[in-house]
Amino acid sequence: MSKLAPATITRWVVSGPPTLFMLLFFLAPSLIMVLASFRYPGAFGGLAPVFGGGRPGEDTGLTLENYQFFFSDLLYTEIFLKSLLIALISTLACILMAYPLALLIARSPKRHRDLMVLLVILPFASNFLIRVYALMILLGPQQALASTINGVLAAFGCAPVSLLFSTFAVVVGMVYVHLPFMVLPLYTNLEKHDPTLLDAAQDLGASAWSRFWRVTFPLSLPGIFSGSALVFIPVLGMFAIPDLLGGTRDILIGNLIKDQFLGTRDWPFGSMLSIMLTVVVLALAGLAARLGQRKRDGGN
Amino acid sequence: MALLEIRNVVRRFASFTAVDGVSLSIEVGEFFTLLGPSGCGKTTLLRMIAGFDAPDEGDLLLDGQSLRGIPPEQRPIHTVFQSYALFPHLTVAENVAFPLRMAKVVPDEIRRRVQEALASVHLLEKQKHLPHELSGGQKQRVALARGLVNRPRLLLLDEPLGALDAKLREDMQMELINLQKTVGVTFIFVTHSQAEALALSHRIAVMNQGRVEQLDEPSRLYGFPRNRFVADFIGKINMLDATVTAVAADRLLLEVAGVGAVSAPLKAGVQSGQTGVFAVRPEQVQLLAEHADAPAAANEVRGRILDFLYIGDVTTYLVQLSDGTRLEALLPNSAPGRAKFFEAGDPVILRWSAEVGVFLHE
Ligand SMILES: Nc1ncnc2c1ncn2[C@@H]1O[C@H](COP(=O)(O)OP(=O)(O)OP(=O)(O)O)[C@@H](O)[C@H]1O
Ligand SMILES: [Mg+2]
């Protein structure tokens, strides 16, 4: 037997534990879910057996019924599309708000930057649910914000609106919670830009506007992409915010999936929804990568 | 009228004066060099010309118009940065097109001029590459093409060859001279390498501690340094303490430490009794084997070879005089197969003509 090089052994020893962990707690549950999406629900929740007889009234074995049901009712596609739209809007809002903030931090004197980054992630130090409840109070009908807006609307003869329990409140909540996930990768990217590039651009005749759009912005695209992934994907799966801030019509994929497991106790249907979500996210990621590639190749 | 006139420019950082009353005038088509040791204020001066910094006192005039208050993007002056500063997300062609785009040149014209500029730096076949795919020399040439494509009135080059290895540096020096000749753009070139400055420039301003020590053509700078700093900074030179004993009609008579009486070329403003140094370049000193019957001549001294340094084309000998003073002399190794003429310890005669050497009292 040939001897293993020490470097190879080291590599295996170092990467072994995390690999095992991922196999056990990430890959295995995913496979269980894939399998579950092809099964029948148990009579009292959970899953019906694949082999052998079940309880009375239980179907057993494997089935495509869950997937068929998804496509048979447009309601589910609609919820998917609405979730994607809300995720898209939240991501764009995050980009618009995070960019100036990240730029400001990146262009600040070095000694101030760490403190500013700390301030950005400070909200993580308090409980997520409590912060969402605080948002509920802030957006509530008796509060200054709602009464001001409704006052203005009344002056123009419009009917009052409810800020809370609306799609608007959901987006506000999503943006609020996920903003740091956009700021951090953007800041990390912007902070690495070579300032002489901006000097060079200015020297060659570029106005402040051109310097931003032709140098800073294109160089920050990788930061925007990673920030967008960190916002878009969690927003798609989020159920607490629509639950607390949304109205009855603001059901998103996350709520739908949660209900299958905690409400109707239809695990197979919940697994199928979750798998569909994964497929959509992967398809979008693939599309984005393809577009990025095309742009690089095409932009001679 | 001069293209660029620098009038008494002063720039201070807190209590430190980085540029201290510099006045220069640069002519159209000139290859002008700012030469000086690290920290003497070259970059600071260049940044004020480019517009990234403003003088605390004095003024800069381009074609007789003050540049005060005109931002860098509106000055017809481009810079080639030491780090090249190529845009990493743009191809070579797009980098070169950048200043034309900013000037809103029409696309057809942009294409034509980019091709022309890339051809002039021999990079046509690399135009679709990204900067990180280029070698240091190629990046340098892209930066040059980008700086020149828009025909600026003035191109500023801040140690553009600093990051290149010796061989490439020499090639690029040649290219720079040719490029400047063909495009006819005025260059202000910054370097702390005296060899580079001498090889490239029409005129050189030697700077030290924010001031211009001497402004001259390369050969005059080398042959007639104005003071000790310039003499020492430009090339190698022997400096010996000296006193003026007499000022004759056609020469100076000096009493030089360790050597004795020396006659040196006349210099304006020098008076009898003045003290300073006598400076003479190693290649101006003849080295002869000592033999007893050698006739004693003027400007001559005896010593022993202390050490020598063989560097291929020439050998530098370090000679010690009887009182301990050391002098360097340079001998070409033109005879084939010959590594050196003298051994350490050999007695020798050093001799130089009365036309060479210079008395410096500053
Ligand atoms: N923004 C600044 N603030 C404070 N001091 C500065 C600033 N810019 C330059 N200096 C100082 O001014 C002096 C001249 O700097 P400058 O960069 O012009 O030197 P240089 O001749 O270009 O040197 P080098 O050959 O090393 O590039 C230096 O001592 C430097 O520390
Ligand atoms: Mg410098």
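Every chain is numbered from 1, with letters handed out A, B, ... down the list of sequences.
- Within a 6.0 Å radius of CZ in F52(B), more than 12 heavy atoms belonging to other residues, nucleotides or ligands are found.
- Nearest heavy atom pair, residue E73(B) against residue A206(A), reads CB-O, 3.6 Å.
- Counting heavy atoms of neighbouring residues, nucleotides and ligands inside a 6.0 Å radius, atom NE2 of H192(B) does not exceed 12 of them.
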Inset, instruction - Tell me, with the steps shown, if R214(A) and F87(B) meet side-chain contact (heavy atoms from CB on, under 4.5 Å). - result: CA-CA 9 Å; R214(A) 291 190 176 262; F87(B) 304 120; over 6 Å; no
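- The minimum heavy-atom distance between L204(A) and R146(B), with the atom names listed, is CD1-NE, 3.4 Å.
- Minimum interatomic distance between G205(A) and M102(B) (heavy atoms only, all atoms of both residues): O-CB, 3.6 Å.
- A distance of 10.0 Å separates CG in D203(A) from CZ in R47(B), rounded to the nearest 0.5 Å.
- Looking at L86(B), only its backbone comes within 4.5 Å of chain A, counting heavy atoms on both sides.
- Among all heavy-atom pairs drawn from H89(B) and L219(A), the shortest one is ND1-CD2, 3.5 Å.
- Considering only heavy atoms from C-beta on, L197(A) comes within 4.5 Å of P88(B) through its side chain.
- Around atom CD of Q65(B), no more than 12 heavy atoms belonging to other residues, nucleotides or ligands sit under 6.0 Å away.
- Proximity to chain A (any heavy atom under 4.5 Å) is restricted, for S83(B), to the side chain, taken from C-beta onward.
- Surrounding CD of E78(A) are at most 12 heavy atoms belonging to other residues, nucleotides or ligands under 6.0 Å away.
- Only the backbone of I77(B) has a heavy atom closer than 4.5 Å to any heavy atom of chain A.
- The contact between T196(A) and chain B is made by backbone and side chain atoms together, counting heavy-atom distances below 4.5 Å.
- Contact tally against chain A (heavy-atom pairs below 4.5 Å) for A93(B), P99(B), G147(B), A50(B): the top residue is P99(B).
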